[in-house]
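Heads up, the thing below is written out as C-alpha cells.
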2 protein chains.
Amino acid sequence: MTTRNTAVRTSLDTHRLPNPVPIGEYERCPVTDVLRRVNDKWTLLLITLLGRHPYRFNELHRAVEGISPRMLTRTLRTLESDGLVEREVFPTVPPSVEYRLTPLGVSLLEPLAALADWAVDHHAEIATARQRTT
Amino acid sequence: MTTRNTAVRTSLDTHRLPNPVPIGEYERCPVTDVLRRVNDKWTLLLITLLGRHPYRFNELHRAVEGISPRMLTRTLRTLESDGLVEREVFPTVPPSVEYRLTPLGVSLLEPLAALADWAVDHHAEIATARQRTT
DNA sequence: CGGAATCCCCAACGATACTG
DNA sequence: CAGTATCGTTGGGGATTCCG
C-alpha cells in the first residue's frame, strides 16, 4: 500500500487533486492500464462470450466470425497472462482446449455491463451528434 | 426501436442468444463502438479531467503533459463531434477557448468510475498474474 | 493563444499457409 | 483440433513547423 495508491483511489479522484495536476506517467495509472488492455479489438467480445460459458478454441473461432486464428490465440494468451482467463488442455486425440473466465474475469463482467448499459442507452445520442458535425 | 436493438440490450445479453451466435458485424454493436472511442490513448484522461471543471486548451495541454497539440486537438474534436464535450470560443484578444463536458459526457462519468474502481481494486492481481507468466 | 499542416514510424491487425 | 510462422498493411500516434 503505497502513498501513490491512495492518490489514485479512482481515476476521477486522480484528477481531483489540487492544481498543478501532475498527470504525467499516465502509464502507471491502473485505470488507463486496464482500459487499454480491455479495449483492443477482440478482448471485450471474448470476455463477454466467455462470461456465458466455457468455450473451446474453434468454438470461439466460429462464434466470433472475422477473427483470425492468430488474433484469437494472441488475445486469449494475453487474457490468460493477465489472470482473466483460464486455459485447460484435455490430452485427448485430437487435442481439446477449453477457455473459461477466472473469478477475476467474472468480477470484471459487472462494471463492463455498466458501461455496456450506458452505451446502449446513449449510443443513439452519439450517433445523432455525429451526424450534426458531418 | 428495431428487433436488432432488443437483441443487444447489453453486450452480455447479446452473447446470451442461442447458438449459433452470429457475432459478426460487431462493428454495429454499440458497446464495442463506444468502447473503441473511449479507449484511444487520451480520451479517458480528458473526460475525467473535464469531469472536474472546464479547461482551456493550453490548460489541458499543460495538465496532461506528454500530449502533443495535434493529438489534443484531434481528441477534443472527436469528443465534440460525439456530443460528449462542448467547445466555447471567447472572441477575446488573445483568443480563448473553453472545453467542458456536455450532460451526455457527464452521464458517462459514472459507469467509467465503476470500471475505474474495478481497475483500482484488481490491478494488483493482474500485475501478479502477469509476473507469473513472465 | 489555439490551433493547422506535414512528415514519419511502428505496433496492431489481417491473410495465408503450414504443423504436432 | 488447436494452434504457429511469415508476410504485408494501416492508421494511430509522435515530432516538428507554421499561422491568424
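Per chain, numbering begins at 1; letters A, B, ... match sequence-line order.
Among the nucleotides D:dA2, C:dC1, C:dG14, the one closest to the side chain of A:F57 is D:dA2. Picking from D:dG20, C:dG14, D:dG14 the nucleotide with the shortest atom distance to the side chain of B:P95 gives D:dG20. Which of C:dG2, C:dC13, D:dG13 sits closest to the side chain of A:D40 comes down to C:dC13.
An OP1 or OP2 oxygen of D:dT4 is reached within less than 4.0 angstrom by a side-chain nitrogen or oxygen of A:R77. For the OP1/OP2 pair of D:dA2 and a distance below 4.0 Å, the side-chain nitrogens and oxygens of A:R56 include at least one atom meeting the criterion. OP1 or OP2 of D:dG3 lies within a sub-4.0 Å distance of a side-chain N or O belonging to A:R87.
Across every non-hydrogen atom of B:V38 and B:T43, the tightest pair is O-CB, 3.3 Å. Between A:G51 and A:L109 the shortest heavy-atom distance is CA-CD1, 3.9 Å.
Two residues, B:P69 and A:S68, neighbour DNA chain C, and the one matched to the more 5' nucleotide by heavy-atom proximity is B:P69. With DNA chain D read from its 5' end, the first of the two nearest nucleotides for A:P94 and A:T73 is the one closest to A:P94. A residue-by-residue look at A:Y99 and A:R70 shows that A:Y99 has its nearest nucleotide of DNA chain D further toward the 5' end.
What separates CE of A:M71 from C1' of C:dT16 is a distance of 16 Å, to the nearest Å. We find that NZ of A:K41 is positioned 12 Å from C1' of D:dG11, with the value rounded to whole Å. One can place NE2 of A:H61 at 12 Å from P of C:dT16, the figure rounded to the nearest angstrom. Rounded to whole angstrom, the span from the CD atom of A:E98 across to the P atom of D:dG3 amounts to 12 Å. Atom-to-atom, CD of A:E88 to P of D:dA2 comes out at 13 Å; the value is rounded to the nearest Å. As rounded to whole Å, 10 Å separates atom P of C:dG2 from atom CG of B:L72. Nucleotide D:dT4 holds its P atom 13 Å from the CG atom of A:N58, rounded to whole Å. In this structure, the CD atom of B:E80 is 13 Å from the C1' atom of C:dG3, given to the nearest Å.
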Checklist entry - Could you go step by step and tell me if B:R130 and A:D82 meet the side chain to side chain contact (heavy atoms under 4.5 Å, CB included) rule? => result CA-CA 5 Å; B:R130 244 174 247 168; A:D82 284 355; 3.0 Å; yes
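A:R37 and A:T78 share no side-chain donor-acceptor pair at under 3.5 Å.
Applying the side chain to side chain contact (heavy atoms under 4.5 Å, CB included) test between B:L72 and each of B:V64, B:N58, B:L60 identifies B:L60 as the sole match.
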